[in-house]
Amino acid sequence: MTQASDTAARRLVDTLVANGVDHVFCVPGESYLAVLDALYDVRDRIKLVICRHEAGAANMAEAYGKLTGKPGVCMVTRGPGATHASIGVHTAHQDSTPMILFVGQVGLADRGRGAFQEVDYREVFGGLAKWATEIESPERTVEIVERAFATALQGRMGPVVVALPEDILHDQGGPAPMRAVEPARAGLDPAALDRIAARLGQAKAPILVLGGSGWTEAATTAIGTWAERLGLPVALSFRRKDLIDNRHPTYAGDLGLGPNPKLIQRMKDADLIIAIGARLGENPTQGYSLLDRTRTAETLVHIHPGAEELNRVWPAAISAAADVSLAAGAIAGLEPGRTWSHGPQAHAEFEAFIQPVAVTGQVNMSQVVQTLREVLPDAAVVTNGAGNFAAWLHRFFPHQGRFTQLAPTSGAMGYGVPAAVAAAIVEPGRVVVNVAGDGDFMMTAQELATLRQYDARAVFVVVDNGVYGTIRMHQERDYPARVSGTDLKNPDFVQFAQAFGLEAWRVETTEGFRPALEAALKAPTGGLIHLITSPEDIAPGRTITQLRAG
């Protein structure tokens, strides 16, 4: 009879321990009870975080991957559990975040029969994950799980899905893991570095664009110091505002939704764009309209860890498949023999762009976000999901520390609450604040129970304008005054938060926000601020009346 220490379930957990996994986010299921049992024996090394919905668990694992650079690990049961968790896999793929989702599966003997909750995970997740597989030979458990770690971490980081047939988890699991996976990292080709140096020496208006994942603090510090010394403008890709301190003297802003028009013009005028780690997808390129293929063939230097991303949309003058941190470190050693004045000018434009703007209602979100920046410590983690509320946050909140922004480039609503819960559990010494729209908040609000279960602390700012703001803005632009499907009837969020044991405040004026925030930050259980805003102020510098007028 197989000893408990030799089963595939035990070997899976052995491999997690060997690879430094310290948190697993899950919703339990009978399909992987053997793994839960194996986790019991390592509860002093791996904290099992029990979530209230698989989407919450997967988003927490994705946020963990962003925070730590290590694969976030999520476990869910088969069928509905897996499909609920698919949103986190999609976000991890779009955001290039290392993540491993383990999914319970029907027994091997029952596959193909349409068994209870049966899903073909290779087929369902094949387009969402970097790799979707199933452990079919229990003695290969360690091999498959180690490959999952390597795949999640190598090249363009991303999610892996591993299905676990229930019956094989009890079988002989084969050899134990030998050591942690050491992901391969490709350096920058010296010939490419020489060509970059030559291009830089000739450039009159260069700009540096940073994005993606896999950045070390040493690399961002080195490239930031280099850009400051040369006077190079530095732009950050969509929802990557925490890669460098936004007070950096040549920081020009982010290429997200509603960017600074002056930054957009700088991108158009640039005769050399050095993009490191950024995929240059739809949002950073303003719907693929910011760049021109003819120009990029002459002006773009594109460095990305995933070779498949190079020359995918934009033909580059120089392209290189390389680890972003290794590449940035090498580029930071270049001496072009000249400096530029564009960087300080670009930063002055950024500073002007983040000054508060006028609104029509009693709550000015630009001033609210400015208050957040004034009150929060530099290292505070700020999370959000998706919605027009985030436009205020991204524009007016300058990030001043690394790993302080948890936001989905996938544009997934409901991300911010579980991301805040994960950050509060994983790094309890940091201040964590979630800014959410009313529609965004309600998609995963049940994870407040997870926050309380683990005695974690976070502050939630629910921006309530009673509408799905982004959709309403587009609706009013394209179909003025024909409101359909975008109005919301919300609960009393103060009572909602109190039901979970959080302190809560209702705020209806800009002036009322600061005292509520300060009180929430001191509250022993964390707190929620129900912030009532006007739907008329639909976005920075835009009102519904203006949209209806065309």
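Treat the numbers as computed from the prediction; the structure is a model and nothing was measured.
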Check: Thr15/Glu146 side-chain N/O donor and acceptor closer than 3.5 Å: no

Distance-only polar pair, side chains of Ser96 and Arg156, donor-acceptor under 3.5 Å: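 Yes, Arg156 and Ser96 have a side-chain donor paired with an acceptor closer than 3.5 Å.
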
Donor-acceptor under 3.5 Å ([X] side chain, [Y] main chain):
{"X": "Arg240", "Y": "Gly212", "result": "yes"}
{"X": "His23", "Y": "Tyr64", "result": "no"}
{"X": "Thr220", "Y": "Glu217", "result": "yes"}
{"X": "Asn246", "Y": "Ile244", "result": "yes"}
{"X": "Ser325", "Y": "Thr216", "result": "yes"}
{"X": "Thr444", "Y": "Gly414", "result": "yes"}
{"X": "Trp226", "Y": "Ala328", "result": "no"}
{"X": "Asn465", "Y": "Val467", "result": "yes"}
{"X": "Glu536", "Y": "Thr545", "result": "yes"}
{"X": "Trp392", "Y": "Val369", "result": "no"}

Report yes if the side chains of [X] and [Y] come closer than 4.5 Å at any heavy-atom pair, otherwise no.
{"X": "Asp95", "Y": "Ser213", "answer": "no"}
{"X": "His394", "Y": "Asn384", "answer": "yes"}
{"X": "Met75", "Y": "Phe102", "answer": "yes"}
{"X": "Ile264", "Y": "Leu255", "answer": "yes"}
{"X": "Cys51", "Y": "Glu447", "answer": "yes"}

Can you confirm whether more than 12 heavy atoms, excluding those of [X], are under 6.0 Å from its [atom1] atom?
{"X": "Lys262", "atom1": "NZ", "value": "no"}
{"X": "Arg195", "atom1": "CZ", "value": "no"}
{"X": "Gln355", "atom1": "CD", "value": "yes"}
{"X": "Arg542", "atom1": "CZ", "value": "no"}
{"X": "Glu308", "atom1": "CD", "value": "yes"}
{"X": "Arg312", "atom1": "CZ", "value": "no"}

Please test Asn388 against Thr470 for side-chain hydrogen bond (donor to acceptor under 3.5 Å, both in side chains), starting from the C-alpha separation and ending with a verdict. CA-CA 5 Å; Asn388 259 28; Thr470 301; 2.9 Å; yes

Begin from the C-alpha positions of Val357 and Arg395 and carry the test side chain to side chain contact (heavy atoms under 4.5 Å, CB included) through to its verdict. CA-CA 11 Å; Val357 297; Arg395 174 170 170 178; 3.8 Å; yes

Mind running side chain to side chain contact (heavy atoms under 4.5 Å, CB included) on Met442 and Met413 for me, showing each step along the way? CA-CA 9 Å; Met442 284 299 290; Met413 293 182 70; over 6 Å; no

If every non-hydrogen atom of [X] is compared with every non-hydrogen atom of [Y], which pair is closest and at what distance?
{"X": "Leu67", "Y": "Phe403", "result": "O-CD2, 3.6 Å"}
{"X": "Pro206", "Y": "Pro233", "result": "O-CD, 3.4 Å"}
{"X": "Glu476", "Y": "Val483", "result": "OE2-CG2, 3.7 Å"}
{"X": "Ala380", "Y": "Leu376", "result": "CB-CB, 4.0 Å"}
{"X": "Thr383", "Y": "Asn434", "result": "OG1-ND2, 3.0 Å"}
{"X": "Ile303", "Y": "Ala322", "result": "CG2-CB, 4.2 Å"}

Check Asp194 with Arg199, please: is the shortest side-chain N to carboxylate O separation under 4.0 Å? no

Just do the side chain to side chain contact (heavy atoms under 4.5 Å, CB included) check on Asn283 and Leu257 with the steps written out, would you? CA-CA 7 Å; Asn283 286 330; Leu257 302 174; 3.4 Å; yes

On the 0 to 90° scale, with breaks at 30° and 60°, tag the Tyr251-Phe350 ring pair as parallel, tilted or perpendicular.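 Aromatic pair Tyr251/Phe350 classed perpendicular.
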
Between His302 and His304, how do the two ring planes meet: parallel, tilted or perpendicular, split at 30° and 60°? perpendicular

Are Thr486 and Gln475 close enough, and set up right, to give a side-chain hydrogen bond (donor to acceptor under 3.5 Å, both in side chains), and what steps lead you there? CA-CA 9 Å; Thr486 53; Gln475 186 175 66; 3.0 Å; yes

Atom pair OG1 (Thr299) and CD1 (Ile207), whose distance is rounded to the nearest 0.5 Å: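 Answer for the OG1-CD1 pair, Thr299 versus Ile207, is 11.5 Å.
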
Checking salt bridge (Lys or Arg N to Asp or Glu O under 4.0 Å) for the pair Lys66/Asp242: CA distance, chi angles, key distance, verdict? CA-CA 11 Å; Lys66 277 195 177 84; Asp242 61 344; over 6 Å; no

Identified side chain to side chain donor-acceptor pair (under 3.5 Å) counterpart of Thr404 within the set Arg430, His399, Lys241: His399

Check against side chain to side chain contact (heavy atoms under 4.5 Å, CB included), Leu128 and Ser86: CA-CA 8 Å; Leu128 285 180; Ser86 64; 4.2 Å; yes

